[in-house]
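Values reported hereafter were calculated over all heavy atoms of this structure, with side chains retained and with hydrogens, waters and symmetry mates removed. Letters A, B, ... are given to chains in the order of the sequence lines, protein chains preceding strands, and every chain is numbered from 1.
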There are 2 protein chains.
Amino acid sequence: MAITIGDVARVAGVSRSTASYALSGKRTISESVRTRVLRAVDELGYTPNAGARALATSQTRVIGLLAQFLPDEFAPAMMQYILGVSNTARELGYDILLVTEADGTNALSRLTDSGMVDGVVLLNVAEDDDRLPILRDCGKPGSLVGLPADVDGVDVFDLDFEEAGRVMVEHLVNLGHRELILISQPEHVVERGGAYVWRLQNAAVEAAAFAGIEIHTYFGAAGQPQIAQQLGEILDAHPMATGLLLNNEAVAAALPSTLHARHLEAPRDYSVIGRYSSEFARTFSLPFSHVESAPDLLGRMAVRQLVRRIEGRTRPGEPHVVRFVAPDLVDLGSTGAPPPSLVAPSSPEGLDTP
Amino acid sequence: MAITIGDVARVAGVSRSTASYALSGKRTISESVRTRVLRAVDELGYTPNAGARALATSQTRVIGLLAQFLPDEFAPAMMQYILGVSNTARELGYDILLVTEADGTNALSRLTDSGMVDGVVLLNVAEDDDRLPILRDCGKPGSLVGLPADVDGVDVFDLDFEEAGRVMVEHLVNLGHRELILISQPEHVVERGGAYVWRLQNAAVEAAAFAGIEIHTYFGAAGQPQIAQQLGEILDAHPMATGLLLNNEAVAAALPSTLHARHLEAPRDYSVIGRYSSEFARTFSLPFSHVESAPDLLGRMAVRQLVRRIEGRTRPGEPHVVRFVAPDLVDLGSTGAPPPSLVAPSSPEGLDTP
DNA sequence: CTGAAAGCGCTTACAG
DNA sequence: CTGAAAGCGCTTACAG
């Protein structure tokens, strides 16, 4: 049916093994033979059969990408991780087998046991992720995006959510804010092991305590119209709060309408900082300063390390890594000093600080 | 290394061929042998090697998914098509090889020539799509999402954009609107062959002409902050327009802020109809009525037909299909009668129609 | 109802 | 520098 290396060999007038070596470069080939083989390949339009090659070499040049789409989680954000992984893989000569089924454990076994992939990237890794035990004893390398409790045997990449929480709080503290609100992902996300929610929140609470200011923390509602309603209630509940921190894309997307509806503006009435990617902000016209979540970079890092392991370019005994991306605060001008009418009661008259 | 069918055969005490037949069911096997084989499979945790099977059968049970990410196009919307394809494929027993590289033609040749896939789904198909000639002579079946000029040899699935354009216009005409604005995708999208933009726009213009009303058509700006600015200019340019039709997700996402900033409301001041998925509307808190773009359904349809062809379940000589999904208008209450102050000059006093 | 053998299209020791 | 042959792990005619 299709062209095989036998056809190439025949046309070039050499043996199949010589044709193979001429293409792989795994042994020295006379210039004349090499050009004859290459010409034959061109002429016939030869492409090696992937299955046959995989069978012979136990290498597929395919990476499994396990994207977990959980209810209430934010699907559009996932696209950026997938693109980072996919594009990087291609640059390095790999293709991507994408799995989106709910049962990630099943999918992982299938891909690795059947030898369809050389390694896997797990997205959206939970604190106590079901997929990890399977990954650990499948014998293939794996890179994670997201930090699990047990990082043994895998390479891990994630945003430094602790630092993100601190950066968000400190930025507003430095501007003079004394009462903040932090809205995180929906509680379901936390229950399913989305540890990044706690990591950011705990660090934020600690930073607030250290600065001696108040912070109110909430889990965002899941879906509309609950989000808009909840947002209103939260604002009403804390009339003296002047800073809004959002670790929740869906709430960030809903915030502009809510603010406008109440004739509020950032940074005039509220200073706002989100945690999402700039790409996301641009796409949805979100005008808020934000901590860059770097999905593209995380995808790239995960794939690069995975490919190093697959190709044995890690030093012998090289330990696995846990690498955090430093949060970058992208200033879009949505933060400033708190409104004078709402300055802390400790200085009601204005400039009477020592 | 891994467990092979030879191991299964040995443990079950049968030949490899018998083990294979017991698993495939392609010939009658005595009950006792079958259970012994199945037990061995279980005990050993056997999974067939995908490469070996592909080599022997010329079938991979993998579908290639070519997603084209063009600059200025709306990446988040793509996720829903991908999910529709991926989930449906899995239900039918197929895995997805996802390709996102810019050069789709290259990727297509690679996947088909190397025998990595049994067929392909092309997303985001342009009027004169580069990938089609390659698809046509690769010998593998292909399903498209998006309507090209030449549909020969492929199965095509798309939203009925003509009908969508008519539905949008007629809905507002019936409510009494006499001057509309239609904002389509950025001009780049059209230039690259996004024929759906013309299909919707031409049908809308025709429907408006037929109803004897005015319609102003624009291509949306690409990216922020141009989108918001352009939106403002367009509204200013047509003070008598009362209906807004959006064939552009990014503009739809930016519209709530723009309206609020101008103290405008839908449907009080403008009746608004978008063209996007309900999933998209929910995710981004978009309060507008919209023509459902049905990405999930289109993905499903494309895969189902592709699998029928792959598995030879099409009748001999069964022609290729071009199937349009009927646009469904999802009413979110953003349309109504035009503001009384802006009724057409033909009836300034009110109820003086015959 | 079951087994021995050929073959899918590669790669890579082994021999020269 | 090159070729003949074995082997990767399956499936499936061919024989019994």
Partners passing salt bridge (Lys or Arg N to Asp or Glu O under 4.0 Å) against B/Asp7 (at least two apart in sequence or in another chain): B/Arg10
Pair up each side-chain donor or acceptor in residues 38-54 of chain B with any protein partner under 3.5 Å, not counting sequence neighbours, and list the distances.
{"from": "B/Asn49", "atom 1": "OD1", "to": "B/Gly51", "atom 2": "N", "distance (Å)": "2.9"}
{"from": "B/Asn49", "atom 1": "OD1", "to": "B/Ala52", "atom 2": "N", "distance (Å)": "2.8"}

Compare the minimum distances between each of C/dC10, C/dC1, D/dT11 and the side chain of B/Arg53, then state the nucleotide with the smallest one. D/dT11
Kindly write out the residues that satisfy salt bridge (Lys or Arg N to Asp or Glu O under 4.0 Å) with A/Arg136, not counting sequence neighbours, or none if the list is empty. A/Asp150
Please name all residues satisfying ring-ring contact (aromatic ring centres under 6.0 Å, His included) with A/Tyr81, sequence neighbours left out, ordered by chain then number. none
Between CD of A/Gln59 and P of C/dC10 the distance, given in whole Å, is 17 Å
Can you check the A/Asp7 CG to C/dC8 C1' distance for me, whole Å? 14 Å
From C/dC10, D/dT11, D/dT2, nucleotide with atom closest to A/Pro48 side chain: C/dC10
Side chain of A/Leu55 - closest among D/dT2, C/dT12, D/dC8: D/dC8
Per nearest nucleotide of DNA chain C, the residue lying toward the 5' end, A/Thr18 or A/Ala52, is A/Ala52
Heavy atoms within less than 4.0 Å of DNA chain C: which residues of residues 35-44 of chain A have one? Give them sorted by number. none
Could you check which residues of residues 8-16 of chain A get a heavy atom under 4.0 Å from DNA chain C? Sort them by number, please. A/Arg16
Among the candidates C/dG9, C/dC1, D/dT11, find the nucleotide nearest to the side-chain atoms of B/Thr28. C/dC1
With B/Pro141 via side-chain contact (heavy atoms from CB on, under 4.5 Å) - residues at least two apart: B/Leu306, B/Arg309, B/Ile310
Is B/Arg323 close enough and on-axis enough to B/Phe157, meaning under 6.0 Å and within 45°, for cation-pi? no
Taking CZ from B/Arg61 and C1' from D/dC10, how many angstroms apart are they, rounded to a whole number? 15 Å
Secondary structure string for DNA chain D (Watson-Crick or G-U under 3.5 angstrom, | for other-strand pairs): |||.||||||||.|||
So do the side chains of A/Leu159 and A/Phe324 get within less than 4.5 Å of each other, counting heavy atoms only? no
Can you find an N or O donor on one side and an acceptor on the other, under 3.5 Å apart, linking the side chain of A/Arg27 with the base of D/dG3? yes
Distance in angstrom units between A/Ile5 CD1 and D/dT2 P, rounded: 15 Å
Please report, rounded to the nearest Å, how far the P atom of C/dG9 is from the OH atom of A/Tyr21. 20 Å
Nearest whole angstrom, please: distance from the C1' of D/dG7 to the CG of B/Asn49. 13 Å
Looking at the base of C/dA4, is there any donor atom on it, or on the side chain of B/Ser17, that sits under 3.5 Å from an acceptor on the other one? yes
I'd like a table of donor-acceptor pairs (distance under 3.5 Å, sequence neighbours excluded) in which one partner is a side-chain atom from residues 127-134 of chain B, with atom names and distances.
{"from": "B/Asp129", "atom 1": "OD1", "to": "B/Arg131", "atom 2": "N", "distance (Å)": "2.9"}
{"from": "B/Asp129", "atom 1": "OD1", "to": "B/Arg131", "atom 2": "NE", "distance (Å)": "2.9"}
{"from": "B/Asp129", "atom 1": "OD2", "to": "B/Ala126", "atom 2": "N", "distance (Å)": "2.8"}
{"from": "B/Asp129", "atom 1": "OD2", "to": "B/Arg131", "atom 2": "NH2", "distance (Å)": "3.0"}
{"from": "B/Arg131", "atom 1": "NH1", "to": "B/Gln68", "atom 2": "OE1", "distance (Å)": "3.4"}
{"from": "B/Arg131", "atom 1": "NH2", "to": "B/Leu123", "atom 2": "O", "distance (Å)": "2.9"}

From CG of B/Leu23 across to P of D/dT12 the rounded distance in Å is 13 Å
Any side-chain donor-acceptor pair under 3.5 Å between A/Ser17 and A/Ser20? no
Which residues pass the salt bridge (Lys or Arg N to Asp or Glu O under 4.0 Å) test with A/Arg308, not counting sequence neighbours? A/Glu318
Can you pull the salt bridge (Lys or Arg N to Asp or Glu O under 4.0 Å) pairs that have at least one residue in residues 104-117 of chain A, sequence neighbours excluded? A/Glu101-A/Arg110, A/Arg110-B/Asp95
Output every pair passing salt bridge (Lys or Arg N to Asp or Glu O under 4.0 Å) with a member in residues 14-34 of chain B, not counting sequence neighbours, ordered by first then second residue. none
